[in-house]
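One structure is given below, encoded as structure tokens.
The sequence lines fix the lettering, A, B, ..., with proteins before strands; numbering per chain opens at 1.
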Amino acid sequence: KQEVTQIPAALSVPEGENLVLNCSFTDSAIYNLQWFRQDPGKGLTSLLLIQSSQREQTSGRLNASLDKSSGRSTLYIAASQPGDSATYLCAVGANDYKLSFGAGTTVTVRA
Amino acid sequence: DTAVSQTPKYLVTQMGNDKSIKCEQNLGHDTMYWYKQDSKKFLKIMFSYNNKELIINETVPNRFSPKSPDKAHLNLHINSLELGDSAVYFCASSQAHNSYEQYFGPGTRLTVT
């Protein structure tokens, strides 16, 4: 059974600082890995999807890396802004098309 | 224009009652899902329907019954509600059952007292 862990559970940084969010998973036989953003009272928004054959994906200030063999992914957010405050969820996709989610990292960016 | 919508957004009810949550998507997707997010914030899949057919049915009490009248709608009916059913329930949709790109609704916060 796939277990997904996200550390830290919460993070508070001043505006402008770079953010580093970690995700680890127990079963390396994954199909892909996604990072989602969850805002209070709203659904999840997919930020980046990395296929198992890829090492990283980039979108604007966001960069996600994937090391399948060690069961780790890292989401980097450059030059954080107050609007980046949210909960970030990591989800691992298996060959049966199911997603296994971590509990998330809640980020607060202080102005 | 909302892509995946759920009603109600909040639901407070007493133990033993029966309640329903509705979900609609206007994306033209074939596949819809129900997830439960518990107090520890883990999102876990409950059900998935593809073109009105049940394709994923995780270990969920049979008090939970999904119904898909058409591929744009997936409702969740819960009988004999228990305290442990309190959670946020998310509906999602994807283009096909083998697509990992899922679009989520805003969630329904269910509180059972």
Side-chain angles (χ1 to χ4, degrees), chain A residues 1-11 21 23-26 29-54 57 59 64 66 68 73 86-107, chain B residues 2-11 21 23-27 29-50 53-60 87-110:
Chain A
K1 180 187 170 187
Q2 181 72 269
E3 291 185 7
V4 182
T5 304
Q6 291 187 244
I7 293 172
L11 190 57
L21 308 180
C23 171
S24 62
F25 45 94
T26 54
I30 68 170
Y31 198 75
N32 56 38
L33 185 143
Q34 286 187 78
W35 283 93
F36 288 87
R37 172 184 171 136
Q38 182 176 14
D39 293 283
K42 296 184 181 179
L44 281 66
T45 303
S46 181
L47 299 172
L48 291 167
L49 186 153
I50 314 175
Q51 300 294 351
S52 61
S53 58
Q54 297 177 311
Q57 275 283 5
S59 176
L66 174 63
K68 204 172 75 158
S73 176
T87 297
Y88 292 83
L89 298 171
C90 165
V92 173
N95 290 342
D96 58 1
Y97 310 115
K98 294 179 188 174
L99 298 178
S100 296
F101 284 84
T105 295
T106 298
V107 170
Chain B
T2 306
V4 182
S5 60
Q6 294 178 228
T7 54
K9 195 165 184 178
Y10 300 96
L11 185 53
I21 307 171
C23 178
E24 176 180 0
Q25 54 96 2
N26 62 6
L27 297 167
H29 287 169
D30 285 345
T31 308
M32 296 184 73
Y33 310 81
W34 276 111
Y35 286 87
K36 178 180 180 181
Q37 186 174 41
D38 60 24
S39 57
K40 295 183 180 178
K41 304 298 183 186
F42 283 104
L43 261 163
K44 293 181 182 174
I45 188 150
M46 301 172 68
F47 303 102
S48 172
Y49 270 72
N50 185 61
E53 283 192 36
L54 181 66
I55 56 170
I56 295 175
N57 185 355
E58 293 296 285
T59 308
V60 176
V88 182
Y89 292 84
F90 286 97
C91 176
S93 73
S94 64
Q95 192 158 16
H97 74 281
N98 58 355
S99 171
Y100 291 91
E101 293 189 56
Q102 297 181 16
Y103 294 77
F104 283 77
T108 296
R109 182 174 293 278
L110 171 66

>> Between A/L49 and chain B, with a heavy-atom cut-off of 4.5 Å, which part of the residue counts as in contact: side chain, backbone, both or neither?
In response: side chain
>> Taking side chain as everything from C-beta outward and backbone as N, CA, C, O, which of these in B/L43 sits under 4.5 Å from a heavy atom of chain A? Side chain, backbone, both or neither.
In response: both
> Do the rings of B/F104 and A/F36 sit parallel, tilted or perpendicular, given the 30° and 60° boundaries?
Replying inline: perpendicular
> How far apart are the closest heavy atoms of B/S5 and B/P106, and which atoms are they?
Replying inline: CA-CD, 4.4 Å
>> Heavy-atom cut-off 4.5 Å, strictly under: side chain, backbone, both or neither for A/Q34 against chain B?
In response: side chain
> Any sub-3.5 Å donor-acceptor pair from B/E24's side-chain atoms to B/V4's backbone N or O?
Replying inline: no
> Do you know which of B/F42, B/F90, B/Y100 has the most heavy-atom pairs with chain A at a distance under 4.5 angstrom?
Replying inline: B/Y100
> How many angstroms lie between atom OH of B/Y33 and atom CD1 of B/I56, to the nearest 0.5 angstrom?
Replying inline: 6.5 Å
> When heavy-atom pairs shorter than 4.5 Å are enumerated against chain A, which of B/R109, B/Q102, B/K44 gives the highest number?
Replying inline: B/Q102
> With a 4.5 angstrom heavy-atom cut-off, which part of B/Y35 approaches chain A: side chain, backbone, both or neither?
Replying inline: side chain
> Please, which pairs that meet salt bridge (Lys or Arg N to Asp or Glu O under 4.0 Å) have at least one residue in residues 39-50 of chain A, sequence neighbours excluded?
Replying inline: A/R37-A/D39
